[in-house]
2 protein chains.
Amino acid sequence: MTISIKDVARAAGVSPATVSRALGGGPVSAELQAQVEAAVKATGYRPNLSARRLRSRHSQTIGLIVADISNPFFTAVARAVEDSAYKAGLRVILCNTDENPQKEAMYLQLMEEERVTGVIFAPTRASVDKLARATYNFPIVLIDRAGRAGGRDAVVLDNFAAADMLVAHLVAQGYRRITGLFGNASTTGIERHDGYVAAMQQAGLTPAARFIAPTVEAAEAETCHWFKQGTAPEAVIASNGLMLMGVVRAMLAAGKKIPEDMAIAGFDNESWTELAGPGLTVIEQPVADLGRAAMQLLMDRLDAPDAPMRKMVLGGRCVVRGSTRRATGAAA
Amino acid sequence: MTISIKDVARAAGVSPATVSRALGGGPVSAELQAQVEAAVKATGYRPNLSARRLRSRHSQTIGLIVADISNPFFTAVARAVEDSAYKAGLRVILCNTDENPQKEAMYLQLMEEERVTGVIFAPTRASVDKLARATYNFPIVLIDRAGRAGGRDAVVLDNFAAADMLVAHLVAQGYRRITGLFGNASTTGIERHDGYVAAMQQAGLTPAARFIAPTVEAAEAETCHWFKQGTAPEAVIASNGLMLMGVVRAMLAAGKKIPEDMAIAGFDNESWTELAGPGLTVIEQPVADLGRAAMQLLMDRLDAPDAPMRKMVLGGRCVVRGSTRRATGAAA
DNA sequence: CTTTTCATAGAAATCGTTCTCAATATTTTC
DNA sequence: GAAAATATTGAGAACGATTTCTATGAAAAG
């Protein structure tokens, strides 16, 4: 019952090949071009993309594999990737791994079956190493998380520097006992941890870091625990937007004041951070640029498969707000 | 260079048909099944989904067309839809229309070319009517926005009742001059407006509604304007999460106190609403249920194309927080 | 006026599967 | 033990497009 290119050809009085050329920009006389266009309208023809992909051997499709699209960081990146992709005539297949390496492997296999032209991927720590060994039929651009990333294109934040910046700011405000909460699923957490430790030692302070699941709930539980035990530090750094939210929730629930009872700083300048409490001091990641850059790297790689690997490191911006106001007992 | 089913067949010493059956669950002897599986492993074969879709004539793919995935409401719905879909062995193609009817038309055409099995769609007001007339090769389930929706399956919130509930709450708290801000792009905005007007009249109050673009920026500008003119009401209702955020931003920027200078209530219980100011009173939509229900309606429709249309109306829950605390001059 | 060149159109092969149908081997039934 | 029923398997068509290759007609060159 469906209308194929043959039906259009018959209606236009030409061969299927000519219809294909008329639609695809091949060399066709103006006269037949018009006939074909009329026939397409008359029949209501819609090309079958599966057939086109099969025969032409390119899918015009890329994969985007992230931990969780409902994390605003990935939402923003995804939106940028999709806009760039649709502009370039590419479809996007979106996959949520929930930081689960098995799902990652499953989706990578799916990408092979879809014969995607490329993949943009934010891998867990566990997959980063496997990835270095594995070989796929499509280029992969890592995003947000790259580790040492032997030989793979990547776009990441300068995590070490950003964490360092955050600690330096807190120290300058007079805070001494600064705890860090870091995600245990990604290399990003490790890099931020390293930046934190380095900055603390630089300032002659003792680092006190905790690696936890990168979720609101885990961070909230951890913070609640501190308040119950009376072990809360003067200030805390949370290594992503979700964990930052968890800390804020815990403070609200415990009736604590920000920053008087505990100062807060974190990553990801999500719009709510401006509105919560006295405003939260955060590192702003250039999320849209990140997505766009990943697409660009992917396109470049498709153009030049053998070009040397490129790792793009973007700088974060420290947005200072009320949650890290000068500690009361600070030296002037 | 790519490995096809023929290569596997040769490696396993069977016909391509047998390989297809072995992989697809057809009747195959245990012996050959094992041979095929070994051959698949040995060759590293990955089925070509385009070829499979072309031949089998079903795409195992659905479309999800929403205004903007970075709106947390749609993010949550999308996540629920995708989880249900992947569980059912279906891919999801996600499209952002930015409330632009032209993009909507373009993506619907894309869905036809992809030969999707179905579409879940949150249309603009402009498209809702056209949709009633148009006919597609796949079922469409409307989500969030349905209007009168002649003959189309739909899952929506009881917007009228929800707005009514919000106004009633504000009135009970002693607020009288209550302004409503409604989105001008969707039928949802109209329904919430109608509920607002009805509740105001019920209470013997004069409605004062404004229809604006459903964005943070538009709501922020409108609210700023009030403060500059000195025309701010005692309380405001914002008809979605983005507009609610705009109002809060404007109050913060103007140094106004919530709820003393102006009370706030709105839609969408996004996690930040709990953390902003004294906490925001909102209508919580069952977003995950919404997404799941839409998938369910779609699957049911595929099973029974001629069954009568079903419109599922879900109730909202009013979450009361500090932003609507009793007005100081209120009667007891 | 004939020959060469070029642009355009059609015929047929092809992409990698699934599906139909006929053939074979096996089991069941009488 | 023969006939019928059943379960597997393979050969080949088909899905709907693009692409290659060949044929045709017109234009250009001699």
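Values in this document were obtained by computation on a predicted structure and should not be read as measured data. Every chain is numbered from 1, with letters handed out A, B, ... down the list of sequences. We use all heavy atoms of the structure for the numbers below, so side chains are in, but hydrogens, waters and symmetry mates are not.
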Would you mind reading off the distance between A:Arg52 atom CZ and C:dG16 atom P, rounded to a whole angstrom? 18 Å
Can you check whether B:Arg57 has a side-chain N or O nearer than 4.0 Å to OP1 or OP2 of D:dG16? yes
When you measure from the side chain of B:Arg145 to the backbone of B:Pro123, do you find a donor-acceptor pair of N or O atoms at a distance under 3.5 Å? yes
Show the atom names and distances, to 0.1 Å, of all donor-acceptor pairs under 3.5 Å that link a side chain in residues 294-306 of chain B to residues at least two apart or in another chain.
{"from": "B:Gln296", "atom 1": "NE2", "to": "B:Asp300", "atom 2": "OD1", "distance (Å)": "3.1"}
{"from": "B:Asp300", "atom 1": "OD2", "to": "B:Arg310", "atom 2": "NH2", "distance (Å)": "2.5"}
{"from": "B:Arg301", "atom 1": "NE", "to": "B:Asp153", "atom 2": "OD2", "distance (Å)": "2.7"}
{"from": "B:Arg301", "atom 1": "NH1", "to": "B:Ala304", "atom 2": "O", "distance (Å)": "3.2"}
{"from": "B:Arg301", "atom 1": "NH1", "to": "B:Pro305", "atom 2": "O", "distance (Å)": "3.2"}
{"from": "B:Arg301", "atom 1": "NH1", "to": "B:Ala307", "atom 2": "O", "distance (Å)": "2.8"}
{"from": "B:Arg301", "atom 1": "NH2", "to": "B:Asp153", "atom 2": "OD1", "distance (Å)": "3.0"}
{"from": "B:Arg301", "atom 1": "NH2", "to": "B:Asp153", "atom 2": "OD2", "distance (Å)": "3.2"}
{"from": "B:Arg301", "atom 1": "NH2", "to": "B:Ala307", "atom 2": "O", "distance (Å)": "3.4"}
{"from": "B:Arg301", "atom 1": "NH2", "to": "B:Pro308", "atom 2": "O", "distance (Å)": "3.2"}

note: B:Gln60, atom CD; C:dT18, atom C1'; distance rounded to Å ~ 13 Å
Test of understanding: with salt bridge (charged side-chain N to carboxylate O under 4.0 Å, His left out), list the residues that count as partners of A:Glu112, not counting sequence neighbours. B:Arg46
Taking only residues two or more places apart in sequence or in another chain, which ones pass side chain to side chain contact (heavy atoms under 4.5 Å, CB included) with B:Asn71? B:Phe73, B:Phe74, B:Leu242, B:Glu270
Atom CD of B:Glu113 to atom P of D:dG16: distance rounded to whole Å? 15 Å
Close side-chain approach of B:Arg57 and A:Thr2, heavy atoms under 4.5 Å: yes
With sequence neighbours left out, what residues match A:Arg292 under salt bridge (charged side-chain N to carboxylate O under 4.0 Å, His left out)? A:Asp289
For B:Arg91, all residues meeting salt bridge (charged side-chain N to carboxylate O under 4.0 Å, His left out), sequence neighbours excluded: A:Glu114
Do any of residues 37-50 of chain A sit with a heavy atom less than 4.0 Å from DNA chain C, and if so which? none
Pairing residues for A:Ser50 by the side chain to side chain donor-acceptor pair (under 3.5 Å) criterion, not counting sequence neighbours: none
Atom pairs, protein N/O to nucleotides 6-10 of chain C N/O, distance under 3.5 Å:
{"from": "C:dA9", "atom 1": "OP1", "to": "A:Ser29", "atom 2": "OG", "distance (Å)": "2.7"}
{"from": "C:dA9", "atom 1": "OP2", "to": "A:Ser29", "atom 2": "N", "distance (Å)": "3.2"}
{"from": "C:dG10", "atom 1": "OP2", "to": "A:Ser15", "atom 2": "N", "distance (Å)": "3.1"}
{"from": "C:dG10", "atom 1": "OP2", "to": "A:Ser15", "atom 2": "OG", "distance (Å)": "3.3"}
{"from": "C:dG10", "atom 1": "OP2", "to": "A:Thr18", "atom 2": "OG1", "distance (Å)": "2.7"}
{"from": "C:dG10", "atom 1": "N7", "to": "A:Arg21", "atom 2": "NH2", "distance (Å)": "2.8"}
{"from": "C:dG10", "atom 1": "O6", "to": "A:Arg21", "atom 2": "NH1", "distance (Å)": "3.4"}

Please table the atom pairs, donor to acceptor, closer than 3.5 Å between any side-chain atom in residues 129-140 of chain A and protein atoms at least two apart or in another chain.
none

Using the salt bridge (charged side-chain N to carboxylate O under 4.0 Å, His left out) rule, take A:Asp83 and A:Lys87 through it: C-alpha gap first, then chi angles, then the decisive distance, then the call. CA-CA 6 Å; A:Asp83 286 348; A:Lys87 229 166 264 172; over 6 Å; no
Check this for me: does the side-chain of A:Arg55 come within 3.5 Å of the base of C:dT14 through a donor and an acceptor? yes
Any residue of residues 2-9 of chain A with a heavy atom less than 4.0 Å from an atom of DNA chain D: A:Thr2, A:Ser4, A:Ile5
Write down the distance between CG (B:Leu54) and C1' (C:dT18), rounded to a whole number of angstrom. 10 Å
Sole candidate of A:Val116, A:Leu90, A:Thr117, A:Val92 that passes side-chain contact (heavy atoms from CB on, under 4.5 Å) when paired with A:Thr61: A:Val116
Enter the inter-axis angle for the ends of the helix from C:dC1-D:dG30 to C:dC30-D:dG1 (five pairs per end, rounded to 10°). 40°
Rounded to whole Å, please give me the gap between CG in A:Leu23 and P in D:dT18. 7 Å
Can you check the B:Glu31 CD to D:dT9 P distance for me, whole Å? 8 Å
Taking A:Thr124 for the side chain and A:Pro101 for the main chain, is one N or O donor matched with an acceptor at less than 3.5 Å? no
Under the salt bridge (charged side-chain N to carboxylate O under 4.0 Å, His left out) test, which residues partner B:Arg125, sequence neighbours left out? none
